[in-house]
Visitor: 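Encoded as structure tokens, here's the structure I'll be asking about.
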Amino acid sequence: SFRKAIKTMTQLAGDSPDVTRYNRAASWYLATCPREDLRNPRKAVEFAKKAVERELRAGVSWKRLGVAQYRAGDFRESIAALNKSRELNCAEQAASMFFLATAHWKLGEQEQARKCYDQALHWMEKNKREGEELGRFRHEAAELLGIAGEPDQTDAPGASDKNEKSPTEESEEKSNGKVQHGKNES
């Protein structure tokens, strides 16, 4: 269950604050859980900041900070962190671009929002990436931008993103003993 996954990851991050992977995972769970009632954006920001402090050059940590800041309503900070993630060549760009689109929209920057949204769609097409999680981000951005009914706005069924594990996949790895304690993995 989502509640159990969040509890597990936040406990691991709390018990092992020096393990960047746990901080990133806890942040991601708390910021992006499909059940909005289980999200805790402020706590997600705390975990993501710990990850960034430990690995300043890890684009994935910056991405997770940007998403957490967006969820917390810190749109300018979110844009800065997501752009930093992109500068560091975080492998999965579509999620960052969807959150950049929504953050720009919230700041009244509709033209930039649509540009980011279109870039995310292009990235997905070019890299043949789809998945439940990315589909949720895409749908959320499309709804906010008022383009959910456009022909290219189908949800994203299909193969999961190979560069970004979903909370469920990370939890399964942990349950199967694949989480390596003390390693700072991307």
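Every heavy atom of this structure was used, including side-chain atoms; hydrogens, water molecules and symmetry mates were not.
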Visitor: Answer yes or no: is there a side-chain heavy-atom contact under 4.5 Å between Pro41 and Leu30?
Guide: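 Result no, sub-4.5 Å side-chain heavy-atom pair not found.
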Visitor: With Lys50, which residues qualify under salt bridge (Lys or Arg N to Asp or Glu O under 4.0 Å), at least two apart?
Guide: none
Visitor: Run Glu133 and Trp28 through side-chain contact (heavy atoms from CB on, under 4.5 Å) and show every step you take.
Guide: CA-CA 11 Å; Glu133 186 173 66; Trp28 197 249; 2.9 Å; yes
Visitor: Considering non-hydrogen atoms only, spot the tightest contact between Glu77 and Gln69 and give its length.
Guide: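 Nearest pair, atom of Glu77 first, then Gln69: O-OE1, 3.0 Å.
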Visitor: Could you walk me through whether His104 and Gln110 satisfy the side-chain contact (heavy atoms from CB on, under 4.5 Å) test, starting with their C-alpha distance in whole Å, then the side-chain angles of each, then the deciding distance to 0.1 Å, before giving a yes or no?
Guide: CA-CA 7 Å; His104 281 293; Gln110 282 74 25; over 6 Å; no
Visitor: Considering residues at least two apart in sequence or located in another chain, which fulfil the salt bridge (Lys or Arg N to Asp or Glu O under 4.0 Å) criterion with Arg71?
Guide: Glu140
Visitor: Nearest heavy-atom pair of Leu82 and Gly66: which atoms, and what distance?
Guide: CG-CA, 3.8 Å
Visitor: Taking salt bridge (Lys or Arg N to Asp or Glu O under 4.0 Å) as the test, write out the residues that go with Asp15, two or more places apart.
Guide: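 Expected list: none.
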Visitor: Identify the heavy atoms of Phe98 and Leu121 that sit nearest to each other, and give their distance.
Guide: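 Minimum heavy-atom separation between Phe98 and Leu121: CZ-CD2, 4.1 Å.
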Visitor: Do Ile79 and Leu107 have side chains that approach each other closer than 4.5 Å (heavy atoms only, starting at C-beta)?
Guide: yes
Visitor: Can you name the residues that form a side-chain hydrogen bond (donor to acceptor under 3.5 Å, both in side chains) with Asp74, not counting sequence neighbours?
Guide: Arg42
Visitor: Is the backbone of Ile6 close enough, under 3.5 Å, to the side chain of Thr10 for a donor and an acceptor to pair up by distance?
Guide: yes
Visitor: One thing to verify: whether Lys43 and Glu46 come together as a salt bridge, which I'm taking to mean a side-chain N less than 4.0 angstrom from a carboxylate O.
Guide: yes
Visitor: What ring-ring contact (aromatic ring centres under 6.0 Å, His included) pairs are there with at least one residue in residues 34-56, not counting sequence neighbours?
Guide: none
Visitor: How long is the gap from SG on Cys116 to CH2 on Trp123, to the nearest 0.5 Å?
Guide: 15.0 Å
Visitor: Kindly write out the residues that satisfy side-chain hydrogen bond (donor to acceptor under 3.5 Å, both in side chains) with Ser61, not counting sequence neighbours, or none if the list is empty.
Guide: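 Counting only residues at least two positions away or on another chain, Ser61 forms a side-chain hydrogen bond (donor to acceptor under 3.5 Å, both in side chains) with Arg24.
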Visitor: Could you list the residues that satisfy side-chain contact (heavy atoms from CB on, under 4.5 Å) with Glu143, not counting sequence neighbours?
Guide: His139, Ala148
Visitor: Among all residues two or more places apart in sequence or in another chain, which pass the side-chain hydrogen bond (donor to acceptor under 3.5 Å, both in side chains) test with Arg76?
Guide: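 Residues passing side-chain hydrogen bond (donor to acceptor under 3.5 Å, both in side chains) with Arg76: Glu109.
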Visitor: Could you tell me if Trp62 and Glu55 have a donor-acceptor pair between their side chains, going purely by distance under 3.5 Å?
Guide: no
Visitor: What heavy-atom pair brings Met9 and Ala25 nearest, and what distance separates the two atoms?
Guide: CE-CB, 3.3 Å
Visitor: With a 3.5 Å distance limit and no angle check, can you tell me whether Arg136 reaches the backbone of Thr32 through a side-chain donor-acceptor pair?
Guide: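 Checking the backbone N and O of Thr32 against the side chain of Arg136, a donor-acceptor pair under 3.5 Å is found.
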Visitor: Please list, chain by chain and in numerical order, all residues satisfying side-chain contact (heavy atoms from CB on, under 4.5 Å) with Lys4, sequence neighbours excluded.
Guide: Ser1, Thr8
Visitor: Rounded to the nearest 0.5 Å, what separation is found between the CG atom of Asn83 and the CG atom of Leu88?
Guide: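 Interatomic distance, Asn83 CG to Leu88 CG, rounded to 0.5 Å: 11.0 Å.
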Visitor: Check ring pair (Phe, Tyr, Trp, His ring centres under 6.0 Å) between Phe99 and all other residues, then give those that pass, not counting sequence neighbours.
Guide: Tyr70, Phe137
Visitor: Just to verify, which of Lys63, Arg86, Arg129 counts as forming a side-chain hydrogen bond (donor to acceptor under 3.5 Å, both in side chains) with Gln93?
Guide: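 When Lys63, Arg86, Arg129 are each tested with Gln93, the side-chain hydrogen bond (donor to acceptor under 3.5 Å, both in side chains) holds only for Arg86.
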Visitor: State which residues pass side-chain hydrogen bond (donor to acceptor under 3.5 Å, both in side chains) with Gln11; sequence neighbours excluded, sorted by chain then number.
Guide: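 Partners of Gln11 by the side-chain hydrogen bond (donor to acceptor under 3.5 Å, both in side chains) criterion come out as none, since no residue qualifies.
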Visitor: Do any N or O atoms from the side chain of Ser27 and from the backbone of Asn23 form a donor-acceptor pair under 3.5 angstrom?
Guide: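 No; zero donor-acceptor contacts below 3.5 Å.
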Visitor: Using every non-hydrogen atom in the two residues, find where Thr102 and Ala141 come nearest and quote the distance to one decimal.
Guide: CG2-CA, 3.5 Å
Visitor: Among all residues two or more places apart in sequence or in another chain, which pass the salt bridge (Lys or Arg N to Asp or Glu O under 4.0 Å) test with Glu125?
Guide: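 None.
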Visitor: What are the two closest non-hydrogen atoms of Ala101 and Leu145, and how far apart are they?
Guide: O-CD1, 4.2 Å
Visitor: Does Met97 reach the side chain of His122, with side-chain heavy atoms less than 4.5 Å apart?
Guide: no
